[in-house]
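This report concerns only the one structure given below.
Since the model is a prediction, treat every value here as computed from it, not as a measurement. Only heavy atoms go into these numbers, but all of them, side chains included; no hydrogens, no water, no symmetry mates.
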Number of protein chains: 2
Amino acid sequence: MQSFPLERDGLVPVYVQIRKRLLDRITSGDLKAGDLMPSEQEISGTLGVSRMTARQAVKSLCDWGIAYSMRGKGTFVSPVKLEKNFRQAQSFTEEMNALGFRPSSQVFALKAERAPTEVAEALKAGRNSEVIRLDRLRLANSKPMGIECAYLLHSMCPGLIHVFDPQASLYETLWKQFGLSIAVADEIVEVGLPSAAAASLLRISRNKPVFLFTRVSYARRGHSMQAVEYVKSTYRGDRYKIANRLTRAKLKLAGISV
Amino acid sequence: MQSFPLERDGLVPVYVQIRKRLLDRITSGDLKAGDLMPSEQEISGTLGVSRMTARQAVKSLCDWGIAYSMRGKGTFVSPVKLEKNFRQAQSFTEEMNALGFRPSSQVFALKAERAPTEVAEALKAGRNSEVIRLDRLRLANSKPMGIECAYLLHSMCPGLIHVFDPQASLYETLWKQFGLSIAVADEIVEVGLPSAAAASLLRISRNKPVFLFTRVSYARRGHSMQAVEYVKSTYRGDRYKIANRLTRAKLKLAGISV
DNA sequence: CAGTGGTCTAGACCACAGT
DNA sequence: CTGTGGTCTAGACCACTGT
């Protein structure tokens, strides 16, 4: 167990930080499938937390299917294939960097609220679940590219509101602070015209076509995927395009809406 | 909350007994979807257990998706019905059938010609290679959906002009007649406004946004891929949308044009 | 036997929602 | 303000595993 001190400022719960360290040891290969994880008592003593707190971290890994416990023996890493070399699914920030643009953002909303019905259903969460809403204008080389309105399940990233740096990459923060790695996303792409508000923020006229994205992102959680993020975006049609590599199966996903 | 005493003999954990009572109230209809469940403090007081024990019962219901909590408000019965959910991504065919559409095509060009520079480069063929050009209006229930202009390498499908049935699937013909199996396609998606000709064929006004597709399709040939088809398409934005499942690698292909 | 996870206690402070 | 859930503590007893 790494023994550098935990942050006790109350921004990110201690058990989340501990869980993150355990996850790091698994993804780095330090702890392999079948290996014995540090015991609750050991974590408690090493990191100076109560055993219940250590247990909360270990328990959540078991809930995620990443570990399993045996009474009297210990807790072991599940034989689940957690991909090494964990690269993040690309966020706007990473995408712009890769293309040599300088990404930036203007955050105009960051708050907790109750999930709208559409969001709750997409995230498979109960109606009125708590979500964190993050509205941002995305820019490349200081030129407006698109607007994103993201809803994140609060239960997956408690404390995000306090630790999120408005200029940082959301995906990077999700990984560094909460051990969440976005692995896959389902996306609906439509075309349309911008709302008056969107047109103003994007500095285009209302008759310019735009991309409309609806995306649900998933993090790997043991054997299954956990919906984490629901995003509605509007992107300028004159500055954005999509490149897809389609397989035969994927060609069939293209759909019609009346 | 029923208040008859809990069994403290250690055979069944107390929190399991509490959870069972809460579940009974839900399945019996006493607690309905959206209803406020007894608070952790209330359970703690009524049943004479510590709050952490009451919490453990409630928390496990939340983990199961049967309830959800909101800080400061309470814990509520979840509206999810485990059986009815959930929407699955529909394939093109399934969606057409579900909507009762009948697909058809109008061919308005089928001829051999010299490859335009752009096409030749995309297909990695020599300049002035011979290609077969196939222009089609695609319809669903006789309503125009999109226009496709395809260029096929003549050397890969000689005689296509003579054997192609205008109402048949192009890919099916390529397979049955020439043994070409389209395995993968690289596609660029842009938004725009239709040309005058396209708007007329699609029966929309020129200020309606459309999808613009540029696609290069490849057939498996031994261990490598052979470019076969280059397609430019214009699809009505009000009748078409795209569903993508993005992995990390796919997200990387998204690109910018300034 | 010592060490493990499973359960439980009786408090505590906090952030947040509604009054 | 009170009541809620979210987190955390410093203990405790238990059942179980291995030596």
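No contact: B/Val58 has no heavy atom under 4.0 Å from any strand. The residue A/Arg114 sits apart from the nucleic acid: no heavy atom pair falls under 4.0 Å.
Between A/Lys20 and A/Trp175, the closest heavy-atom pair is CE-O, 2.7 Å. When all heavy atoms are compared, the tightest approach of B/Leu36 to B/Lys73 is CD1-O, 4.0 Å. Taking all atoms of both residues into account, the shortest heavy-atom contact from A/Ser217 to A/Tyr171 is OG-OH, 3.2 Å.
Nearest-nucleotide assignment on DNA chain C puts the 5′-proximal partner with B/Ala54, out of B/Arg51 and B/Ala54. Toward the 5' end of DNA chain D, the nearer of the two residues A/Arg71 and B/Lys59, judged by each one's closest nucleotide, is B/Lys59. DNA chain D is contacted by both A/Val49 and B/Glu40; B/Glu40 maps to the nucleotide lying nearer its 5′ end (nearest heavy atom per residue). In this structure, A/Ser69 and B/Ser50 both approach DNA chain C, and ranking their closest nucleotides by distance from the 5' end singles out A/Ser69.
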Stepwise side-chain hydrogen bond (donor to acceptor under 3.5 Å, both in side chains) test for B/Ser60 and B/Arg19: CA-CA 8 Å; B/Ser60 67; B/Arg19 182 176 64 198; 3.2 Å; yes
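Looking only at side-chain heavy atoms (C-beta outward), A/Leu152 and A/Phe178 stay at 4.5 Å or farther from each other.
Scanning DNA chain D 5' to 3' for nucleotides with an atom closer than 4.0 angstrom to a non-hydrogen atom of chain B gives a first and last hit of D/dG3 to D/dC8.
Summarising the geometry, atom CD belonging to A/Glu190 is positioned 11.0 Å from atom CG belonging to B/Asp238; distances are rounded to the nearest 0.5 Å. Residue A/Leu123 holds its CG atom at 8.5 Å from CD of A/Gln226, rounded to the nearest 0.5 Å. Atom CG of B/Asp30 and atom CZ of B/Arg21 lie 13.5 Å apart (nearest 0.5 Å).
With pairs defined as Watson-Crick or G-U wobble and both atom distances under 3.5 Å, the stems of at least three pairs that touch DNA chain C come out as C:1-18 with D:1-18.
Atom CE of B/Met70 and atom C1' of C/dC16 are 10 Å apart (whole Å). When rounded to the nearest whole Å, the span between CZ of A/Arg55 and C1' of C/dT4 equals 11 Å. If you measure from atom CD1 of A/Ile161 to atom P of C/dC14, you get 19 Å, rounded to the nearest angstrom. Taking atom CE on A/Met37 and atom C1' on C/dG3, their separation rounds to 16 Å, with Å as the unit. One can place NE2 of A/His154 at 8 Å from P of C/dC16, the figure rounded to the nearest angstrom.
Applying the side-chain contact (heavy atoms from CB on, under 4.5 Å) test to A/Val191 and every residue at least two apart in sequence or in another chain returns B/Val191, B/Pro209, B/Phe211.
A close approach under 4.0 Å does occur between a side-chain nitrogen or oxygen of B/Lys73 and OP1 or OP2 of C/dG18.
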